[in-house]
Peer 1: 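There's a structure below that I have some questions on.
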Amino acid sequence: MGSTRSNPVTPPEPPLDPGTLVLEVRGKLDRTAGRTLLAAVRAAVERHPSRLEIDLQSLEAFTPEGLEALSECSTYRARFPGGLHVRTMGDVAREAFLTAFA
């Protein structure tokens, strides 16, 4: 019996600002989740939201490869007029953010 893995990067509830797109990263940000996150950011560029938020508040763990992908997301910030923002709450999310963008 194979194991199934739910998608670690999904849009949560619609944001209050309709011009904002939020991507939520849950569980572990590893190589696979990082690739999924980058694909979601690239897809977001095509949707033309004014602002992109990456929500790390449900992040439980991360790997160097996941942090590399998170860091690479910043290369797309100029594509969002309102910017690319990262939501952090909790030690793991803050550590991931500070390490990825150091």
Peer 1: What residues form a side-chain contact (heavy atoms from CB on, under 4.5 Å) with S71, not counting sequence neighbours?
Peer 2: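 Checked S71 against side-chain contact (heavy atoms from CB on, under 4.5 Å); matches are A100.
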Peer 1: Are any of the side-chain heavy atoms of F62 and V25 separated by less than 4.5 Å?
Peer 2: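 Heavy-atom side-chain distance check fails, nothing below 4.5 Å.
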Peer 1: For E95, check side-chain hydrogen bond (donor to acceptor under 3.5 Å, both in side chains) against everything at least two apart and list the hits.
Peer 2: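 side-chain hydrogen bond (donor to acceptor under 3.5 Å, both in side chains) list for E95, sorted by chain: empty.
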Peer 1: For a 4.5 angstrom cut-off between non-hydrogen side-chain atoms, does L29 reach T63?
Peer 2: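 When only atoms from C-beta onward are counted, T63 and L29 do not touch, as no gap falls below 4.5 Å.
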Peer 1: Show the numbers, then the answer: is there a side-chain hydrogen bond (donor to acceptor under 3.5 Å, both in side chains) between S58 and E24?
Peer 2: CA-CA 8 Å; S58 297; E24 180 181 26; 3.2 Å; yes
Peer 1: Minimum heavy-atom separation for K28 to L59, with atom names?
Peer 2: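 Scanning both residues, the minimum pair turns out to be C-CD1, 4.4 Å.
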Peer 1: Could you give the distance from CZ (F101) to CG (L67), rounded to the nearest 0.5 Å?
Peer 2: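 F101 CZ to L67 CG: 9.0 Å, rounded to 0.5 Å.
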Peer 1: Is any side-chain heavy atom of L37 closer than 4.5 Å to one of C73?
Peer 2: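 Yes - at least one pair of side-chain heavy atoms lies under 4.5 Å apart.
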Peer 1: Test: salt bridge (charged side-chain N to carboxylate O under 4.0 Å, His left out). Region: residues 72-86. Which pairs qualify, not counting sequence neighbours?
Peer 2: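 Residue pairs with at least one partner in residues 72-86: R42-E72.
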Peer 1: Going hydrophobic residue to hydrophobic residue with side-chain gaps under 4.5 angstrom, can you get from L23 over to M89?
Peer 2: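 No; M89 is not reachable from L23 via cluster members.
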Peer 1: Any side-chain heavy-atom pair from V22 and L52 closer than 4.5 angstrom?
Peer 2: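 Of all side-chain heavy-atom pairs linking L52 with V22, none is under 4.5 Å.
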Peer 1: Quick check: closest heavy atoms across P49 and P81, and the distance to 0.1 Å?
Peer 2: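 P49 and P81 have their closest heavy atoms at O-CD, 3.9 Å.
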Peer 1: Looking at S50 and G19, would you say the former's side chain and the latter's main chain have a donor-acceptor pair under 3.5 Å?
Peer 2: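 Yes, because the side chain of S50 sits within donor-acceptor range (under 3.5 Å) of the backbone of G19.
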Peer 1: Not counting sequence neighbours, which residues clear side-chain contact (heavy atoms from CB on, under 4.5 Å) with E60? List them please.
Peer 2: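 E60 satisfies side-chain contact (heavy atoms from CB on, under 4.5 Å) with no residue once adjacent residues are dropped.
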Peer 1: Test of understanding: with ring pair (Phe, Tyr, Trp, His ring centres under 6.0 Å), list the residues that count as partners of F80, not counting sequence neighbours.
Peer 2: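 Per chain and number, F80 pairs via ring pair (Phe, Tyr, Trp, His ring centres under 6.0 Å) with no residue.
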Peer 1: Below 4.5 Å, heavy atoms only, C-beta onward: do L21 and E53 meet side chain to side chain?
Peer 2: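 SC-SC contact between L21 and E53 ruled out.
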Peer 1: At what distance, to the nearest 0.5 angstrom, does CZ of R87 lie from CG of D55?
Peer 2: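 Reported value, rounded in 0.5 Å steps: 5.0 Å.
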Peer 1: Going by the rule side-chain contact (heavy atoms from CB on, under 4.5 Å), which residues pair with H48 if we only count those two or more places apart in sequence or in a different chain?
Peer 2: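 By the side-chain contact (heavy atoms from CB on, under 4.5 Å) rule, H48 matches no residue at all.
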Peer 1: How many angstroms lie between CG in L38 and CG in L70, if you round to the nearest 0.5 Å?
Peer 2: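 Reported value, rounded in 0.5 Å steps: 8.5 Å.
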